[in-house]
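The structure appears below as structure tokens.
Side chains included, hydrogens not; waters and symmetry mates left out as well; all remaining heavy atoms used. Throughout, numbering of the chain's residues begins at 1 and tracks the sequence.
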Amino acid sequence: MTLLDWVGSGRARALGPAGRALSAVLCMGLAVTFIAVAGGVYIDETIGLYLFLGGVLSLAFLHTTGNVRRPTHETLSAWLLTLTSLACCAYFVVMHDVHKDRLPVLDPLSTADVAVSIMLIALVLEATRRTIGIVLVLLVGLFLGYAALGDRLTGAFSHRGMSVPEMIDQLVFTNNGLYGPALEVAAYLVFIFVLFGALLDRFGGGDFFHDLSNALVGRQVGGPAKVAVLSSGLYGSISGSPTADVVTTGSFTIPLMIRTGLTRVRAGAIEAAASTGGAILPPVMGSAAFMMSDFTGIPYGDIALVAIIPGLLYYLCVYLAVTLQAHHARLAPLEQAEIPKVGAVLRRDWIYLVPLVTIAWAVLALNRPAFAGAVACAALVPVILLRCRPLSDLPKRLSQALIEGMQRMITVGVACAVAGLVIGTLSMTDLSGKISSGLFLLASGHFALTVFTAITVIVVLGMGMPVPAVYALSAVLAAPALISLGLSTMASHLLVVYYAAVSAITPPVAVAAFAAASIAKANPMPIGFLACRIAAVAFVVPVVFVARPELLLEGAVLDVIGVCLATALGSVVMTIAFEDYAFGILGWIRRLAFGALAILMFMPSASLNALGAIVMVAWIGWRYRRSRQGPGRGAAAVSSLS
């Protein structure tokens, strides 16, 4: 066994009767508690966080082995770690009245407080190693080491130094550490929408999205791949989780794509790219968007509204990339017998539109995201009653949905907890301000250099961490440097959200690519790289809306329309250049020319946009006429852009 095997992340554990019983009790208890809180039932916020973290840690140890080589059955160490997590939770709940009356930092901590806190931090780090991997643990260790030993440094990165009890006080007993904004968002905002997705899926929502997408595009060339894009986009916009989206819709679409002629790598990449877009597509988006609302104070409805155009651009280009690939490979559409009629699907499953319309309305109209999630869950009642047959199965299926929803929160909860440790360290040492100042100085205050330096930081962090942790760290490291340039808080943080979201397909640690690889039975690294190419627009559009805020619906109506059209056309041209196909193979010279045209249409200049658009339209007209002259190529060429 190698060292990496010993310290790497674990795998799913097969639970025995006792483990399943404890897991079910924890999942359903926490689910019911936080549904009630979202619906308006009062519970002390801090106690709720104690319960949430204790439950998440316990479930992480119950469900995940120590490393990939460990046996998947229950072990004594797993039970000890689970019970220790519950004991730490119980200690903080019991001592809550004592702790809430003390003054952080000023009043000393007891020996028991320090000991239990150190134990809790160690449990969080071990749960992180098991569920996420050693990279994030090492990063947290680096920050904690800086907090403990940074006073020995010289120069701008030195700090005053602090004792272990003082560090513990800041990390565990204030609102800027472990029980800070990141964990609060996971418990009180993200969970209710994850639960909505689990309930919708358990009662047939995933099948509805798949059937509707199949009816809409299944008859076209490359139908299965287009079905993957549409169904993953529809489901992902509700679930907000790339991994859950891949597992849910990919189990249908990936085998179907492989069966109709796509390679395993390409099938997995299409599904991974399509699923990742759900984290940036309203109405729900993903955990990073909820964290942005909490960190910045911007209403979530406003964030969802301005994210509509960039989210639609993402799926426009992913759909176009899939279309061009399908025509290039001359893939056949699905058999007519396999494709339902749109009218038949809607007549049979119209009831699913009720919760979907409700969640879109609630997120955009209500100024309470958690309550909006509770309203959306309530709107599922008609679906549940009509789709659960026999009704005697209702308690079982509801309990399964609650358990599944809570289990989906394990990685998110652990990531937010460990991100809280880093945020606490950055806060008490002012390292975030020092790094932001360093980024600004490194770029000499230059707008473009500062933006690309910040993007580099986010992408590097995203290669080793899940989306919530990437956003939490980048929001305190990179966003302040962007705001110092004069950018709006909305644009600065939304850029961080986008690059945090695409970390799901950014190698080497690309969770969506790994999930797709397990279904496609292919190497996750090629899947990740190809998914990044398919979703290349996600890496470009944030830069565009930073330079041209009209893309975020800021400015006069005509300016907004012009910038949106220019960006859409530029995104299409860029996709064509990447795919090397439009009315036939392009070749390197035309691809470079298309890349230059895309840049022209992204530039903050109406005249350059118009020049690029005129050249592009003229080329399309010339190429179209030429393709019509060649009898076997014209029809395929015309349909390639349909």
Would you check if the side chain of [X] reaches a backbone N or O of [Y] as a donor-acceptor pair within less than 3.5 Å?
{"X": "Tyr300", "Y": "Arg368", "answer": "no"}
{"X": "Thr64", "Y": "Ala12", "answer": "no"}
{"X": "Thr248", "Y": "Asp245", "answer": "no"}
{"X": "Ser503", "Y": "Ala500", "answer": "yes"}
{"X": "Ser492", "Y": "Thr489", "answer": "no"}
{"X": "Tyr188", "Y": "Val37", "answer": "no"}

Could you state the interatomic distance from [atom1] ([X]) to [atom2] ([Y]), rounded to the nearest 0.5 Å?
{"X": "Leu200", "Y": "Ile359", "atom1": "CG", "atom2": "CD1", "result": "8.5 Å"}
{"X": "Tyr146", "Y": "Leu426", "atom1": "OH", "atom2": "CG", "result": "9.5 Å"}
{"X": "Ile309", "Y": "Leu313", "atom1": "CD1", "atom2": "CG", "result": "7.0 Å"}
{"X": "Leu195", "Y": "Cys377", "atom1": "CG", "atom2": "SG", "result": "5.0 Å"}
{"X": "Leu320", "Y": "Met574", "atom1": "CG", "atom2": "CE", "result": "10.0 Å"}
{"X": "Cys27", "Y": "Ile410", "atom1": "SG", "atom2": "CD1", "result": "6.5 Å"}

Side chains of [X] and [Y]: closer than 4.5 Å at any heavy-atom pair?
{"X": "Leu477", "Y": "Leu461", "answer": "yes"}
{"X": "Ile303", "Y": "Val497", "answer": "no"}
{"X": "Leu431", "Y": "Thr425", "answer": "no"}
{"X": "Val172", "Y": "Ile121", "answer": "yes"}
{"X": "Val451", "Y": "Leu485", "answer": "yes"}
{"X": "Ser427", "Y": "Gln170", "answer": "no"}
{"X": "Leu421", "Y": "Phe143", "answer": "no"}
{"X": "Gln407", "Y": "Ser23", "answer": "yes"}

**Report entry** Working for ring pair (Phe, Tyr, Trp, His ring centres under 6.0 Å), residues Tyr498 and Phe545
**Finding:** CA-CA 11 Å; Tyr498 270 66; Phe545 66 60; 5.6 Å; yes
Query raised in the report: Among side-chain atoms of Tyr471 and His493, is any donor-acceptor pair under 3.5 angstrom?
Result: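 A pair is found: one side chain offers a donor N or O, the other an acceptor, under 3.5 Å apart.
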Query raised in the report: Can you find a side-chain donor-acceptor pair between Ser232 and Thr249 that sits under 3.5 Å?
Result: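 Yes, side-chain donor-acceptor contact under 3.5 Å.
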Query raised in the report: Between Tyr235 and Phe209, what is the ring plane arrangement, given parallel below 30°, perpendicular above 60°, and tilted in between?
Result: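 Ring orientation, 0 to 90° scale: perpendicular.
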How far apart are the closest heavy atoms of [X] and [Y], and which atoms are they?
{"X": "Leu281", "Y": "Gly311", "answer": "CD1-C, 3.8 Å"}
{"X": "Ser518", "Y": "Ala515", "answer": "OG-O, 2.6 Å"}
{"X": "Leu305", "Y": "Leu364", "answer": "N-CD2, 4.2 Å"}
{"X": "Val306", "Y": "Leu553", "answer": "CA-CD1, 4.3 Å"}
{"X": "Ala501", "Y": "Ile280", "answer": "CB-CG2, 3.7 Å"}
{"X": "Asp302", "Y": "Met490", "answer": "O-CE, 4.0 Å"}

Report task. In sequence, state the C-alpha distance, the side-chain angles, and the governing distance for Met409 and Phe52, and then conclude on side-chain contact (heavy atoms from CB on, under 4.5 Å). Result -> CA-CA 10 Å; Met409 286 299 298; Phe52 181 78; 3.9 Å; yes
Report task. Would you indicate whether Asp294, at its atom CG, is surrounded by more than 12 heavy atoms from other residues, nucleotides or ligands within a distance under 6.0 Å? Result ->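 Enclosed.
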Requested in this report: Please check if atom CZ in Phe452 has more than 12 non-hydrogen atoms from other residues, nucleotides or ligands closer than 6.0 Å.
Outcome: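 Open: at most 12 neighbouring heavy atoms sit under 6.0 Å from CZ of Phe452.
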Requested in this report: Verify ring pair (Phe, Tyr, Trp, His ring centres under 6.0 Å) between Tyr179 and Tyr50, making sure each step is shown before the conclusion.
Outcome: CA-CA 8 Å; Tyr179 295 109; Tyr50 293 156; 4.9 Å; yes
Report task. Starting from the C-alpha separation in whole Å, work towards a yes-or-no answer on side-chain contact (heavy atoms from CB on, under 4.5 Å) for Val540 and Ser571. Result -> CA-CA 8 Å; Val540 176; Ser571 301; over 6 Å; no
Query raised in the report: Going through the distances and angles, do Glu126 and Leu123 end up as a side-chain contact (heavy atoms from CB on, under 4.5 Å)?
Result: CA-CA 5 Å; Glu126 172 59 13; Leu123 289 168; 5.8 Å; no
Query raised in the report: Which one of Glu271, His210, Lys226 satisfies the side chain to side chain donor-acceptor pair (under 3.5 Å) criterion with Thr253?
Result: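 Single pass found, and it is Glu271.
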Query raised in the report: Can you check side-chain contact (heavy atoms from CB on, under 4.5 Å) on Cys564 and Leu551, steps first, answer last?
Result: CA-CA 6 Å; Cys564 289; Leu551 195 60; 4.0 Å; yes
Query - Partner of Leu495 by side chain to side chain contact (heavy atoms under 4.5 Å, CB included), out of Val541, Ile455, Leu487 - result: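 Going through Val541, Ile455, Leu487 one by one, the side chain to side chain contact (heavy atoms under 4.5 Å, CB included) with Leu495 is satisfied by Ile455 alone.
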